[in-house]
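Numbers here are sequence positions counted from 1.
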Amino acid sequence: QVQLVESGGTLVQAGGSLRLSCAASGRTFSSTAMGWFRQAPGQERQFVAAIDWSGGSTSYADSVKGRFSISRDGAKLYLQMNSLKPEDTAVYYCVAQRLPYGGVTMGHNDYAYWGQGTQVSVSA
């Protein structure tokens with residue numbers, strides 16, 4: 001059974017930092033592109049960042065560029081979040097593509113596998 005399990009979400013003050021982790025199991029994800037999306041209450045899911053299978057190519061939403069950094073170690077995925085703002089408050093989802101060797105993409109339909117999400121709350 002394919003599983004993506006996120007961890008690291010918590011309540012943090014504005015200006016603080018968090019590191020999210022995602023552990024993938026159930027199939028080989030070390031050769032697939034992975035990423036992070038987020039969803040705030042009453043809003044649609046939003047692309048945050050993605051990384052290709054090799055880790056050599058990344059993409060970020062404009063709203064997080066310069067503050068967030070995505071990285072991977074094989075099938076384990078990370079999101080380092082610095083200078084957090086209240087508008088970063090959301091449930092953060094780890095995602096993975098179905099096919100291997102894909103490039104970074106920003107569409108949620110490009111990712112077949114989704115975790116259950118981890119809550120990040122940033123207080124003003």
**OP:** Find out whether Met34 and Arg72 are in side-chain contact, i.e. whether some heavy atom of one side chain is under 4.5 Å from a heavy atom of the other.
**Re:** yes

Subject >> Nearest atoms (heavy-atom pairs only) where Ser83 meets Ser17 >> reply: N-OG, 4.4 Å

Original post:
According to a 4.5 Å side-chain heavy-atom criterion applied to Ile, Leu, Val, Met, Phe, Trp and Tyr, with indirect links allowed, do Val122 and Trp36 form part of one hydrophobic cluster?
Top reply: yes

Original post:
Is it true that the side chains of Thr105 and Asp110 contain a donor and an acceptor less than 3.5 Å apart?
Top reply: yes

Original post:
Any chain of hydrophobic side-chain contacts (each under 4.5 Å) joining Val91 to Leu20?
Top reply: no

**OP:** Return the minimal non-hydrogen interatomic distance between Leu4 and Ala96, and the atom names on each side.
**Re:** CD1-N, 3.9 Å

**OP:** Kindly say whether the aromatic ring centers of Phe37 and Trp114 come within a distance under 6.0 Å.
**Re:** yes

Original post:
Can we say Asp73 and Lys76 salt-bridge, meaning some charged N sits less than 4.0 Å from an Asp/Glu carboxylate O?
Top reply: no

Subject >> Closest contact, heavy atoms only, Gly102 versus Gln97 >> reply: CA-OE1, 3.5 Å

Subject >> Minimum side-chain heavy-atom gap Gln3-Arg27 below 4.5 Å >> reply: no

Original post:
Nearest 0.5 Å, what's the CG-CD distance between Leu11 and Gln119?
Top reply: 9.5 Å

Subject >> Between CD on residue Gln80 and OG on residue Ser21, distance to nearest 0.5 Å >> reply: 9.5 Å

Subject >> Reported SG-to-OH distance for the pair Cys94 and Tyr78, which is rounded to 0.5 angstrom >> reply: 11.0 Å

**OP:** Inspect the surroundings of CD in Glu87 and state if more than 12 heavy atoms from other residues, nucleotides or ligands are less than 6.0 Å away.
**Re:** yes

**OP:** Decide yes or no for Tyr101 and Ser31: does some side-chain heavy atom of the first lie under 4.5 Å from some side-chain heavy atom of the second?
**Re:** yes

Original post:
Do Ser63 and Arg38 come within less than 4.5 Å of each other through their side chains, counting heavy atoms only?
Top reply: yes

Original post:
Which value, rounded to the nearest 0.5 Å, describes the distance between Asn82 atom CG and Arg67 atom CZ?
Top reply: 9.0 Å

**OP:** Give the minimum heavy-atom separation between Glu6 and Gly117, together with the two atoms involved.
**Re:** OE1-N, 2.9 Å

**OP:** First locate atom CD1 of Ile51, then atom OH of Tyr60, and finally report the distance between them rounded to the nearest 0.5 Å.
**Re:** 7.0 Å

**OP:** Give a yes or no on whether Leu77 and Tyr92 share a hydrophobic cluster (residues Ile, Leu, Val, Met, Phe, Trp, Tyr; joining criterion: side-chain heavy atoms under 4.5 Å apart).
**Re:** yes

Original post:
At their closest point, which heavy atom of Leu79 faces which heavy atom of Ala49, and how far apart are they?
Top reply: CD1-CB, 4.3 Å

Subject >> Same apolar cluster (I L V M F W Y, side chains within < 4.5 Å links), Val64/Leu18 >> reply: yes

Original post:
Are the ring centres of Tyr93 and Tyr111 closer than 6.0 Å?
Top reply: no

Original post:
How about Tyr113 and Phe29: are their ring centres within less than 6.0 Å of each other?
Top reply: yes

